[in-house]
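Have a look at the structure below, then the notes.
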Protein chains: 2
Amino acid sequence: MGTRERRQREVAEREDLFLDAALELIRQDGLLNLQMSRIAEKSEYAVGTLYLHFASKEDLLLALVTRVFREYIELVKLAQAWKASSRDRMFAVGVADMMFVRRYPDYFRIAQYSVCEVAWQAASSERRKAFLDANDPLVEIVAGIVEDARRVGDLEAAGQTAQEMAIGVWALCNGYHNLSHAEGILADFSVHDPYLLMCRHLQGLLDGFRWKPISDVADAAALDALIERVCREVFNEECNETQGS
Amino acid sequence: MGTRERRQREVAEREDLFLDAALELIRQDGLLNLQMSRIAEKSEYAVGTLYLHFASKEDLLLALVTRVFREYIELVKLAQAWKASSRDRMFAVGVADMMFVRRYPDYFRIAQYSVCEVAWQAASSERRKAFLDANDPLVEIVAGIVEDARRVGDLEAAGQTAQEMAIGVWALCNGYHNLSHAEGILADFSVHDPYLLMCRHLQGLLDGFRWKPISDVADAAALDALIERVCREVFNEECNETQGS
DNA sequence: CGCGCACTCTGAATTAGATTCAAAGTTGGG
DNA sequence: CCCAACTTTGAATCTAATTCAGAGTGCGCG
């Protein structure tokens, strides 16, 4: 009876094992040098077995992206559930992005690649669907904060749906990820910390939505303090802007 | 004397020829099916000759992206030079993005791929530098509009440089390009026209910057009218939101 | 006008690495 | 203990990018 189930569990565990190995190899040698045979070797399985799980290399990468993305969703849920004003909770979503990138510095590069037409098409349709399904909650959670804000009177409808507002926030953050991770693009403009800029502009966008309480654009110290507070209260983490020595 | 120069010209023309062929092939068969040998064949040259120009396939793609990007810069310059309020000119930059995507529907996908770590690393360093150099003016031009706005009193400094504001606008637009072009991501949220949403949120961001005159968030008709006006006055083009039949 | 050098172009051969699949191994029920 | 069904294996296959030895070209000089 249980035989079939045990097997299924074992297979699922093996899938995780492959993904762990892939992530480690990427960290070690970079995405460019990732080879299917190395992943197999590192996991102590044959290449053929790897291909029982993943239709292609890109399929494996999209699986990895989807798995890690679920952890990101958890961070965003923390932001949503935070006991704070709707505006601060919305802002915390941006900080979640920042924390997440710090935790998985490679994630965005892999995601960027996996979502490109070239890689996307090479993934199996099941894997693509799984990724899109993993994405759905994001907009819903963020839209939930928007709806709370409206309910409480912090925000007027202003001719757009909660989802549309959520997408705006998503686009802004996504754009910052993109620019930050594309080698050298921001370097030319001596942007010290792109994610601090992202936070500032997220505040700008929320002000533009007339989301109360409106922030004081010029008060950099207040912004720093808020970021600190979010890190502490929502994510139980320190978040010095300057990391290493 | 002129022999050397003629040769140089011929070589440059050939490079364009290759890029034209590549673009056409991409339009025809998609980026995924682009093959170096096909590009060579279509241009009536040997593969080896192609490789005299481009260090790799990715190098060629980045060259293509850089070439097309320069046309985009021209659109943004039109926005900058427009005889209108600073605020409208800034907004026109967003509309330029929209027009550009309409003109080169494939551009963003190719760019997205070329800028990914995997492809980026495979391009030659000269090509990378050329791309970054082509990017520089963008922020400068947009920052120029910001500076004009400050000069005229439409905008307070508010603790950020003109460049930083320009990067915010860039990030928002870039994020929208990304989300729009990643297959299916926005489809799940029944977003009719992502670029209309982009325009609305660009207005939001500019409002957040306290850029005068502040827009009326709820007035959808006014936004449509403004987009129409920009299309007509700046780009001499129609811009019905709904394209085909 | 013909020669030979220096430069350019060619495309068949090489290569790297993803992917496949025939054969070997395993499992569990009878 | 055997066998059929299911798993796993990794050497062989395949694809397409990339290379490079040799053929071709054009130009200046005797």
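A, B, ... follow the sequence lines: proteins, then strands. Residue 1 opens every chain. Since this is a predicted model, take the numbers as computed values, not measurements.
- The aromatic rings of A:Phe100 and A:Tyr107 sit perpendicular, their planes meeting at an angle over 60°, well past the 30° parallel limit.
- At whole-Å resolution of the value, CG in A:Asp29 and P in C:dG17 are 12 Å apart.
- Remark: P of D:dT8 and CG of A:Leu17 are 13 Å apart, rounded to the nearest angstrom.
- The distance between atom CD of B:Glu41 and atom C1' of C:dT10, rounded to the nearest whole Å, is 15 Å.
- Taking the six-membered ring where the residue is Trp, B:Tyr195 and B:His181 present perpendicular rings, their angle passing 60° and hence far from 30°.
- You'll find that the side chain of A:Met36 is closest to C:dA18, out of C:dA18, D:dT18, C:dT10.
- As rounded to whole Å, 14 Å separates atom P of D:dA16 from atom CG of B:Leu25.
- Among C:dG17, C:dT19, D:dA16, the nucleotide with an atom closest to any side-chain atom of A:Glu58 is C:dT19.
- Checked against C:dG17, D:dT9, C:dT19, the side chain of A:Ser56 finds its nearest nucleotide in C:dT19.
- Of the N and O atoms on the side chains of A:Gln112 and A:His177, not one donor lies less than 3.5 Å from an acceptor on the other residue.
- Nucleic acid contact class of A:Leu50 (heavy atoms, under 4.0 Å, all strands): none.
- Between A:Glu44 atom CD and D:dT9 atom P there is a gap of 11 Å when expressed in whole angstrom units.
- One atom, NE2 of A:His53, and another, P of D:dT8, lie 7 Å apart when rounded to the nearest Å.
- Between D:dT8, C:dG17, D:dG10, one nucleotide has an atom nearer to the side chain of A:Leu52 than all others, and that is D:dT8.
- The interatomic distance linking B:Lys57 (NZ) with C:dA16 (C1') rounds to 15 Å, in whole Å.
- Taking atom CD1 on A:Ile39 and atom C1' on C:dA18, their separation rounds to 11 Å, with Å as the unit.
- When distances run from any side-chain atom of A:Tyr51 to the nucleotides C:dA18, D:dT8, C:dG11, the shortest one goes to C:dA18.
- Relative to the side chain of A:Val47, the nucleotides D:dT19, C:dT19, C:dC9 differ in distance, and C:dT19 lies closest.
- Looking at heavy-atom distances under 4.0 Å, A:Arg38 makes no contact with the nucleic acid at all.
- For A:Thr49, whose side chain is taken as the heavy atoms from C-beta onward, the closest listed nucleotide among D:dG10, C:dG11, D:dT8 is D:dT8.
- Counting non-hydrogen atoms under 4.0 angstrom, B:Leu60 reaches nothing in the nucleic acid.
- When the nucleotides D:dT18, C:dT19, D:dT9 are ranked by their closest atom to the side chain of A:Tyr45, D:dT9 comes out on top.
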- Query: Can you check salt bridge (charged side-chain N to carboxylate O under 4.0 Å, His left out) on A:Glu74 and A:Lys77, steps first, answer last?
  - Reply: CA-CA 5 Å; A:Glu74 292 310 309; A:Lys77 278 186 186 161; 3.6 Å; yes

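- Looking only at distances, a side-chain donor or acceptor of B:Asp59 sits under 3.5 Å from a matching main-chain atom of B:Ser124.
- Nearest nucleotide to the A:Arg14 side chain, out of D:dT8, C:dA18, D:dG10: D:dT8.
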